[in-house]
Amino acid sequence: MLVKDVMTRNPVTVPVNTSVPEVTEIMNKQNVSKLPVLGKNGSLAGIVTKADLIKSTPSSATTLDMFELSYLLSKLTVEKVMVRKVRTATENETVEEAARLMADYGISCLPIMRDDLLVGIITEGDLFRAFIDMFGTRYAGVRATFSVPDQPGALSALSKQIADLNGNIVSFVTADSKDSSRRGITLRVTGLSLSQVQSIIENCSGTLEDIRNV
């Protein structure tokens, strides 16, 4: 799955000279919490989040009255509060690499670029939806978490036994295991009973961690 398959295309943007109150109004109206900021030439200049806007608002301890506060905020542009050094990705990047970048750099979104053109944005919400699809969460069946020997043919033998019983694999995700000699697997299967799936795992030298009907 690639970024272009899950990103939000043609995201709402604001120019650098937009006032903070205007940005707040746009976010509320569009029901978004992050906005790419474009420079005068249309290139990506930064990104602003609701958290950035909150930090730019004077604290409750200020001695300014409401008129003075409103006036100051009307003069404060998004250029002054946005994040300038923005991590980006391309539309042909993999979803897992986008997730890694967001996790490693502690960010909640990535503007998606095609050369110098902003074509989309991917957020944590987009990744959650991709995660749901990748794990086949909306399919009823049997879900099992287990490990098998990390050796050639182990996964092939498992999938063959499932196919021989007319089972259908709707999700098959592998991961590192605490035991470096084994491979962790999260499997979702339709068309088989829980006992059938458990028996297949045992036949393939699997160590079962969890199995349930979902």
Side-chain angles (χ1 to χ4, degrees), residues 1-9 11 31-34 47 49-51 86-112 120-214:
M1 187 178 291
L2 302 180
V3 164
K4 65 183 179 182
D5 300 318
V6 301
M7 71 180 188
T8 299
R9 298 178 180 274
N31 193 30
V32 296
S33 59
K34 308 162 187 68
I47 195 162
T49 68
K50 281 191 174 180
V86 182
R87 294 280 172 182
T88 64
T90 67
E91 57 192 329
N92 290 317
E93 187 58 85
T94 62
V95 169
E96 59 268 28
E97 177 61 14
R100 184 196 67 78
L101 287 171
M102 291 165 66
D104 287 355
Y105 291 100
I107 53 180
S108 58
C109 66
L110 286 170
I112 308 303
I121 189 170
I122 187 169
T123 67
E124 291 173 328
D126 296 320
L127 292 179
F128 289 150
R129 286 186 286 274
F131 182 84
I132 289 170
D133 291 341
M134 290 169 68
F135 275 84
T137 308
R138 303 190 190 283
Y139 289 87
V142 177
R143 180 190 186 276
T145 304
F146 56 100
S147 65
V148 295
D150 190 5
Q151 61 189 31
L155 302 185
S156 175
L158 181 73
S159 60
K160 184 179 185 304
Q161 289 196 39
I162 291 172
D164 287 346
L165 291 177
N166 293 319
N168 183 38
I169 298 174
V170 296
S171 175
F172 196 107
V173 179
T174 73
D176 292 335
S177 175
K178 293 179 180 179
D179 183 347
S180 59
S181 68
R182 301 181 70 81
R183 191 73 187 162
I185 295 173
T186 299
L187 174 74
R188 188 176 292 247
V189 179
T190 61
L192 297 180
S193 68
L194 188 147
S195 60
Q196 286 176 307
V197 174
Q198 183 170 348
S199 178
I200 290 171
I201 292 170
E202 292 171 351
N203 290 341
C204 295
S205 302
T207 300
L208 190 63
E209 297 176 11
D210 178 77
I211 188 167
R212 63 186 70 186
N213 287 309
V214 291

Locate the shortest heavy-atom distance separating Phe172 from Leu155; write the atom from each residue and the value. CZ-CD2, 3.8 Å

For Gly167 and Leu192, work out which heavy atoms get closest and say how close. CA-CG, 3.7 Å

Output the distance between atom CG (Leu110) and atom CD (Glu93), rounded to the nearest 0.5 Å. 9.5 Å

Drop me the distance from Arg182's CZ to Gln151's CD, to the nearest 0.5 angstrom. 9.0 Å

Can you tell me how far apart CG (Leu127) and SG (Cys109) are? Round to the nearest 0.5 Å. 10.5 Å

Do Asp210 and Arg143 touch side chain to side chain, with heavy atoms closer than 4.5 Å? yes

To the nearest 0.5 Å, atom CD1 of Ile122 lies from atom OG of Ser108 at 12.0 Å

Can Leu165 and Ile200 be said to form a side chain to side chain contact (heavy atoms under 4.5 Å, CB included), step by step? CA-CA 10 Å; Leu165 291 177; Ile200 290 171; 3.9 Å; yes

Judged by atom type as modelled, is there a donor-acceptor pair below 3.5 Å linking the side chain of Arg9 to the main-chain atoms of Lys4? yes

Closest non-hydrogen atom pair between Ser193 and Val142, with its separation: C-CG2, 3.9 Å

Please tell me if the side chains of Thr123 and Val32 come closer than 4.5 Å, counting only heavy atoms from C-beta onward. no

Are Thr94 and Leu2 close enough that some pair of their side-chain heavy atoms sits under 4.5 Å apart? yes

Does any part of the side chain of Asp179, heavy atoms only, come nearer than 4.5 Å to the side chain of Ser147, both counted from C-beta? no

Does CG belonging to Asn31 count more than 12 external heavy atoms closer than 6.0 Å? no

Taking atom CZ of Arg87 as the centre, does the number of heavy atoms from other residues, nucleotides or ligands within less than 6.0 Å exceed 12? no

How long is the gap from CZ on Phe146 to CD1 on Ile211, to the nearest 0.5 Å? 8.5 Å

Roughly how far, to the nearest 0.5 Å, is CG of Asn92 from CG of Asp5? 9.0 Å

Any idea which heavy atoms bring Glu124 and Ile107 closest together, and the distance? OE2-O, 4.3 Å

Minimal non-hydrogen separation, Pro149 against Ser205, with atom names: CD-O, 3.6 Å

Backbone N/O of Met134 and side chain of Ser171: donor-acceptor pair under 3.5 Å: yes

Contact summary for Asp126 and Met7, nearest pair of heavy atoms: OD2-CA, 4.4 Å

Decide yes or no on salt bridge (Lys or Arg N to Asp or Glu O under 4.0 Å) for Asp133 and Arg129, but give the supporting numbers first. CA-CA 6 Å; Asp133 291 341; Arg129 286 186 286 274; over 6 Å; no

